[in-house]
Each structure stands twice: as C-alpha cells, then as structure tokens.
Amino acid sequence: MTIAATTEYEGLAHAAAGGVAELRSMNAEHIVVVGAGQAGCGIATELRKLRFGGRITLIGDETHMPYQRPPLSKAYLAGELPEERLSLVSGQRLREAGIDFRGGVRASGIDRRNRTLQLEDGSSIAYDRMAIATGGRNRALPWPEARADNVFSLRTIDDVRRMRDYWSAGKRLVVIGGGFIGLEVAATAVRAGLQVTVLEAQDRLLSRVTIPAVSDFFEKLHGAAGVTLRKNVQVVGLEGMPQVSAVVLADGTRLAADLVLVGIGLLPNTALAEVAGLEVRDGIVVDECARSSDPRIVAAGDCANHPSVWTGTRLRLESVQNAADQARTAAATLCGAATKPYRALPWFWSDQYDVKLQIAGISAPHDHLVLRGDPAFGAFTVFYFLAGRMIAADSLNRPQDHLFARRAIGGGLRVDPGRIADEAIPLSELSR
C-alpha cells in the first residue's frame, strides 16, 4: 500500500451527464479501457453490470489474462498458489460478456480530436469514451547493473517467474527497501531457507505508513525469523554484470548477493495521459467521479490522483480496494451516471509470516493515539484520532478491530478515545 498526497481539494468543473435516456443512446458507443489490471478489468466488467450494451475493448500490455497482484510476493512466489488461481476473470467470461480483450499490446498515444487510440504495433482503435487504468511501475535504481539478470522488481507474473530461477535454500537475497513489498518477499524468502538482508534508508521499517510502535513490532518479527535488518543505510551501487555479485553501501560495505530485490516504491504510469495533454500531477488528475480533464476520459487505480473526503487533500492510492472501488465509480461515469462520487474509505493489508496487518483510513495527520491489545502477544490495534474523531486504525491479527474501525470511520460514528483501550468493554459498546 502506498499513499501519495498532493494539493488541497479542488473539484474539477464538469457537468454531470445523465440518466437512463443517455445510457440508451450510449449503447451504440465504443468504450476502450487501457490497462487490464484490477482497475481496468473492474471497469470493463462493471460496465456490463450497469447494462451498457455497446462495444468494450480491454487493452493489456501483458500477454496474461487479467490477474491479482497481491499474492505475487507471498503465496505465488512461495509456490503455494497455482497461477490459474491468480485470475481476476477468465477468457471465457470476458467473451460471454462481450468484452474484447487484447493482451500483449501497449498503447502509445491518444488522438483526442479524432478519438483514436494508437498502439505500438502500428494499429489504432476508434473510441467514443475511454478509461485509463495503466497502474504504475516500480522505481528503478539508476545504475546499468540494475538491469543485471539477478536484479528484480516485483510487479508481474513474469517478474516472479524470473526470480524463481534463483530461488533456492542458502541463496543470499538482498532486499533494497523496507516497505510492504520488500518485507513480504523477505518473509517468503526466509521461510524458503534463503539468507535475507533488508536494507532501509530510513531509521525504521514502514516509516511512510505507520508509527514507530508498529515498525518496532515488524523489526522484531523479521529479526526473530532470521532476517538481517540494516537501517539508515544508503545504497550507492551494485557490482557485477551480467549478474550482480554485491550491493555497495555508502560506508564502503559490500554485501554479497546471489539475487537482489528492489522495492523502493511505485511511479504512476502517466505517459499516455501526458502525451494526450491531460492534466497530470503525481498521477492523472481526476474529479470525484473519476473524470479526467477530458470529460470523455476517466482514470482509476494506481495512476489516478483523486480528491479525498477523508483527508481534504488529493490522494493517489496504490491498493486493491482503491482500484476496485474507483473502477465502479469510473464505470458509472462512463455510463452517464456520475451522481455518486467516489467516497470509499481507504483500507489496506499486508501478510507477513503469520501476521496480518490491516489498515483502515488515513492516519496522517493525527493528534492522539490509543493502543488496544498487547504487542507482546502479537495482536493489537493502534487507533488514530484527530480532534476527538477516529480517523484510522492499524490492526495486527485483530480482524474484529479492523472491521469495527471501518464501520466507525466510514459511518462517522463517535468513539470515546478514553474507553477504547479497555478490552473489558466490547467494541459494540464503544460507538454511538
């Protein structure tokens, strides 16, 4: 999960389209969805649920059918989940829904005047309306050695397939970045018998998403499992080609490596939107109904920067929840039913070893924290408050707390911060 906050809330001025009559007229139209991940696939299938009867073309730059990404760093990497179980939707179901899926082709440009999408294979597709759900790409290290055979990011099925060629007990894995992806891969690797070192530039793990107490918990968890953690370190280079043999730190240390994972964040894929002249600021700028600066084009998922009612700022969220919920809003807007702005409460999760971290809401800024449960027993929740109102919660192995927080925050319920730490008081008695 990643949160990218930008400017203060500024609604974009678009007239709402609308109603059943317009939907009927739109049934002769062609909607093209660029991006076949969680958001893009969600938009295409939701259009049919909304009874859109026109043509739908779903464009994906991978040859695979649309699939889930969260298991890539965990069960799929560990070999515990077969590839077919990653599928979001089968080819047969897409065909039955009348959705034309074109995989293995990349969009290269948008001619908004003539309403055509150019593809890298030289062909083009005419559209009436379009959705951009191009997701993001992993940040890369700046050195030529970062393209070595045994240096990996983890974003696709093919990334995992390549990594498995080096994946065996005793191999030395160096993970650059102590965020969710890095830590999930570290947990999977150490359980498989690899020797794992995690390098973090900040003074604690997960510093962008949680408080020191939660960071400390995960540091102890990984340390106890045998992972070597090094914080406050700067990677200044890689050694070796065509395979890297060492990671070089600013203090001169050289860490021997058989494989390297780079997990230093995600960049939104906005090149297509930029070339088309759409407004882009840390993502494609959209309004509360997922419309871009061109009212015929919507955007959703990791590549979209939207106004948030939960923070009063603009956010770009990298999460399955955001992609799925924003896709529904985008599909409704494409159907001329832009009357329900995107206001879903953000929530996220991460699985590491036998610990599930579930996050509800956005915790920054906050002015008060309350702990419920005991970190020593591996199950606790940190509740975040601002001006006496609960705004977020980080729950570790406390699914009931997570669900309570989502109901309380999403429903605007008042929760007494002075009572929530008392586990003798049932959660059901804490809100009003």
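Nothing here was measured: the structure is a model prediction, and the numbers come from that model.
- Checking side-chain atoms of Y67 against main-chain N and O of I157 turns up a donor-acceptor pair under 3.5 Å.
- Side-chain N or O atoms of D111 include none that pairs as donor or acceptor with a backbone N or O of T116 at under 3.5 Å.
- By the 4.0 Å N-to-carboxylate-O rule, D282 lies close enough to R316 to be salt-bridged with it.
- Using a 4.5 Å heavy-atom cutoff, the side chains of L173 and V185 are in contact.
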Extract all donor-acceptor atom pairs below 3.5 Å that involve side chains of residues 190-200 and protein atoms in other chains or at least two apart in sequence.
| unit_1 | atom_1 | unit_2 | atom_2 | d |
| --- | --- | --- | --- | --- |
| Q195 | NE2 | G170 | O | 3.0 |
| E200 | OE1 | G178 | N | 2.7 |
| E200 | OE2 | Q202 | N | 2.8 |

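- Between the side chain of S123 and the backbone N or O of L119 there is no donor-acceptor pair closer than 3.5 Å.
- Proximity of a side-chain donor or acceptor of D367 to a complementary backbone N or O of A387 within less than 3.5 Å is detected.
- Under the 4.0 Å criterion applied to side-chain N and carboxylate O atoms, E219 and R204 are not assigned as salt-bridge partners.
- Proximity of R112 to Y127: side-chain heavy atoms (C-beta onward) are separated by under 4.5 Å at one or more points.
- Of the possible polar contacts, none joining the R343 side chain to the V309 backbone as a donor-acceptor pair under 3.5 Å is found.
- Residue R296 qualifies as enclosed at atom CZ: its count of foreign heavy atoms under 6.0 Å is above 12.
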From CA spacing to verdict: ring pair (Phe, Tyr, Trp, His ring centres under 6.0 Å), F217, F380: CA-CA 10 Å; F217 176 86; F380 65 100; 5.5 Å; yes
Yes or no on side-chain contact (heavy atoms from CB on, under 4.5 Å) for I391 and H366, after CA distance, side-chain angles and deciding distance? CA-CA 8 Å; I391 59 169; H366 61 269; 4.0 Å; yes
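- Using a 4.0 Å cut-off between charged side-chain N and carboxylate O, R291 and D287 make a salt bridge.
- Annotation for E29 and F52: closest pair O-CZ, 3.6 Å, computed over non-hydrogen atoms.
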Dump the intermediate steps for side-chain contact (heavy atoms from CB on, under 4.5 Å) on L141 and I264, then the final yes or no. CA-CA 9 Å; L141 296 174; I264 54 176; 3.9 Å; yes
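- The closest side-chain heavy-atom distance from M390 to F404 is below 4.5 Å.
- Put simply, the side chain of D149 never gets that close to the backbone of Q243: no donor and acceptor are under 3.5 Å apart.
- With R372 contributing its side chain and I420 its backbone, the two residues share a donor-acceptor pair below 3.5 Å.
- Classified by interplanar angle (parallel below 30°, tilted 30° to 60°, perpendicular above 60°), the ring pair Y342/H306 is perpendicular.
- Ion pair R69/D302 not flagged as a salt bridge, since none of the NZ, NE, NH1 or NH2 atoms sits closer than 4.0 Å to an Asp/Glu carboxylate oxygen.
- A distance-only check finds a donor-acceptor pair linking the side chain of T134 to the backbone of N269 [under 3.5 Å].
- Formation of a donor-acceptor pair under 3.5 Å by the W167 side chain with backbone atoms of R162 is not found in this model.
- Contact check for V262 versus N138: no side-chain heavy atoms found under the 4.5 Å cut-off.
- Within the 3.5 Å criterion, the main-chain N or O of A78 finds no donor-acceptor partner in the side chain of T188.
- Between I56 and H30, the shortest heavy-atom distance links the atoms N-CD2, 4.2 Å.
- Side-chain contact between L72 and D159 is absent, with no heavy atoms from C-beta onward closer than 4.5 Å.
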